[in-house]
Amino acid sequence: MTQPVLEVQNLRVSIGRTTIVDGVSFSLSEREVVGIVGESGSGKSVSSLALMRLLPRHAMIEADKLTLMGENLLAASERRYEQLRGAVMSMIFQEPMTALNPVLTVGEQVIETVRRHQGMSRSQARRYAIDILARVGIPAPSQRVDDYPHQLSGGMRQRAMIAIALACNPRVLIADEPTTALDVTIQAQILELLQDLQEEYRMGTIMISHDLGVVSSFTDRVLIMYAGKVVEDAAAEEMFERPRHPYTEGLLASIPSSEEDVERLYAIPGTVPPPFDLPPGCRFEPRCRHARPPCSEAQPSLMECAPDHRAACIRNTGYRFEGRQ
């Protein structure tokens, strides 16, 4: 069995006395896609920024194990992280207009990356930049290489960001809401591009999204996050066919159906609680239609409810009850 390219065990992120992410664990293999799904405030993006060590200095990042290609990231210096970011582990951010440098051309941003990590000459790096811009589907790349981000459409900016992220052939790619700001047609194009590049570059990919519909056809495994914790973890097909946590059921129910015409789309009642004001028991209990008194007494842990399928819900312990009326 090959070693995972990334291993995460019990990742915790705290700011002061407030825990933002609490106990996230997963492994990522070559060519595997792991989806991390949840509403805004669930801790998805904080987890990814912690892996890249891009959080503010006062944030505390802890884990039982955190390795990249077998290397212990917990012991890595900031200088070592600078060598790894962009070369071995890259990230596509959710809003390219704020992530791209507005005063540098997109070509210059690719050139800067490959010269820093691969030692190319400037002329080699420029030719390489044109090639990779073409690879991600940017038309007339020899002209676009000299364009600034504001001169590109939203879809082209996202493609430019993907080009920068893949410039050094990373082993791990983190895609944080890569299609959020795009219309549905461009979304589909970007997802198809990521699928093609995933196979070509043999990367392990972490796809972060609030939309189960986006990750349904792209991921091998899905982690559902709620209020800083993973509440369900399963193979993608198993997750979509047999969800075992009420939060996952609610997310799936909120996806519009192409077969039914409904007047009002389903929405999970309530909102994600802030990390400084969490419920005493199950964090989803205030919003859960199945909640009963035991749910407010203690946090359920992730429990095996089917082969290779875990969920943090009291229903999986054999406790039987009727939901809220």
When you check the side-chain N and O atoms of Gln124 and Arg127, is any donor under 3.5 Å from an acceptor? no

What's the verdict on salt bridge (charged side-chain N to carboxylate O under 4.0 Å, His left out) for Arg292 and Glu285, showing C-alpha distance, side-chain angles and the deciding distance? CA-CA 8 Å; Arg292 299 298 285 172; Glu285 184 270 337; over 6 Å; no

Among Glu39, Glu232, Arg287, which one satisfies side-chain hydrogen bond (donor to acceptor under 3.5 Å, both in side chains) with Tyr226? Arg287

Arg283 side-chain N/O to Ala227 backbone N/O, donor-acceptor pair under 3.5 Å: yes

With salt bridge (charged side-chain N to carboxylate O under 4.0 Å, His left out) as the criterion, how do Arg31 and Asp220 come out once you've worked through the C-alpha distance, each side chain's angles and the decisive distance to 0.1 Å? CA-CA 10 Å; Arg31 289 183 171 174; Asp220 301 300; over 6 Å; no

Would you please test Ser14 and Ile20 for side chain to side chain contact (heavy atoms under 4.5 Å, CB included) and show each step? CA-CA 5 Å; Ser14 303; Ile20 310 298; over 6 Å; no

Would you find a donor on one side and an acceptor on the other, under 3.5 Å apart, between the side chain of Glu32 and the backbone of Ser29? yes

What are the two closest heavy atoms between Ser209 and Val215, and how far apart are they? CB-CG1, 3.8 Å

Between Met161 and Val114, is there shared hydrophobic-cluster membership here, with clusters defined by ILVMFWY side-chain heavy atoms closer than 4.5 Å? yes

Exam field: side chain Gln109 to backbone Ile164, donor-acceptor pair closer than 3.5 Å: no

His309 and Arg244: side chain donor to acceptor below 3.5 Å: no

Using 30° and 60° as the class boundaries, would you call the ring planes of Phe284 and His245 parallel, tilted or perpendicular? tilted

Check for me, please, whether Met156 and Leu104 land in the same ILVMFWY cluster - side-chain distances under 4.5 Å, paths through other members count. no

Between Ile111 and Ala129 the two heavy atoms that sit nearest each other are CG1-CB, 4.1 Å

Is a side-chain donor or acceptor of Arg53 paired with a backbone partner of Tyr81 at a separation under 3.5 angstrom? no

Taking Glu177 for the side chain and His210 for the main chain, is one N or O donor matched with an acceptor at less than 3.5 Å? yes

Going hydrophobic residue to hydrophobic residue with side-chain gaps under 4.5 angstrom, can you get from Phe218 over to Val37? yes

CD of Gln195: more than 12 outside heavy atoms within 6.0 angstrom? yes

Are Phe240 and Leu212 side-chain neighbours, meaning at least one heavy-atom pair lies under 4.5 Å? yes

Donor-acceptor check, side chain of Gln118 to backbone of Met120, threshold 3.5 angstrom: yes or no? no

Reported OG-to-CG distance for the pair Ser90 and Leu173, which is rounded to 0.5 angstrom: 6.5 Å

Given salt bridge (charged side-chain N to carboxylate O under 4.0 Å, His left out), test Lys229 with Asp22 step by step and report yes or no. CA-CA 5 Å; Lys229 292 187 76 71; Asp22 186 6; 3.6 Å; yes

Taking a hydrophobic cluster as the set of Ile, Leu, Val, Met, Phe, Trp and Tyr residues connected by side-chain heavy atoms closer than 4.5 Å, whether directly or through intermediates, do Leu100 and Met52 fall within one such cluster? yes

Do Thr205 and Gln198 meet the criterion of a side-chain donor-acceptor pair at a distance under 3.5 Å? yes

Quick one: does any side-chain atom of Thr19 pair with a main-chain N or O of Val21 as donor and acceptor, under 3.5 Å? no

Just by distance, do the side chain of Arg310 and the backbone of Leu302 share a donor-acceptor pair under 3.5 Å? no

Would a hydrophobic clustering, with Ile, Leu, Val, Met, Phe, Trp and Tyr connected at side-chain separations under 4.5 Å, put Ile268 with Leu278? no

Dump the intermediate steps for side chain to side chain contact (heavy atoms under 4.5 Å, CB included) on Val13 and Leu49, then the final yes or no. CA-CA 10 Å; Val13 180; Leu49 292 171; over 6 Å; no

Begin from the C-alpha positions of Thr219 and Val34 and carry the test side chain to side chain contact (heavy atoms under 4.5 Å, CB included) through to its verdict. CA-CA 6 Å; Thr219 56; Val34 171; over 6 Å; no

Do any N or O atoms from the side chain of Glu71 and from the backbone of Leu68 form a donor-acceptor pair under 3.5 angstrom? no

Does a side-chain heavy-atom distance below 4.5 Å link Leu73 with Thr67? no

Contact between Ile61 and Leu11 at the side-chain level, heavy atoms closer than 4.5 Å - yes or no? yes

Treating Ser77 as the side-chain partner and Arg80 as the backbone partner, does any N or O pair qualify as donor plus acceptor under 3.5 Å? yes

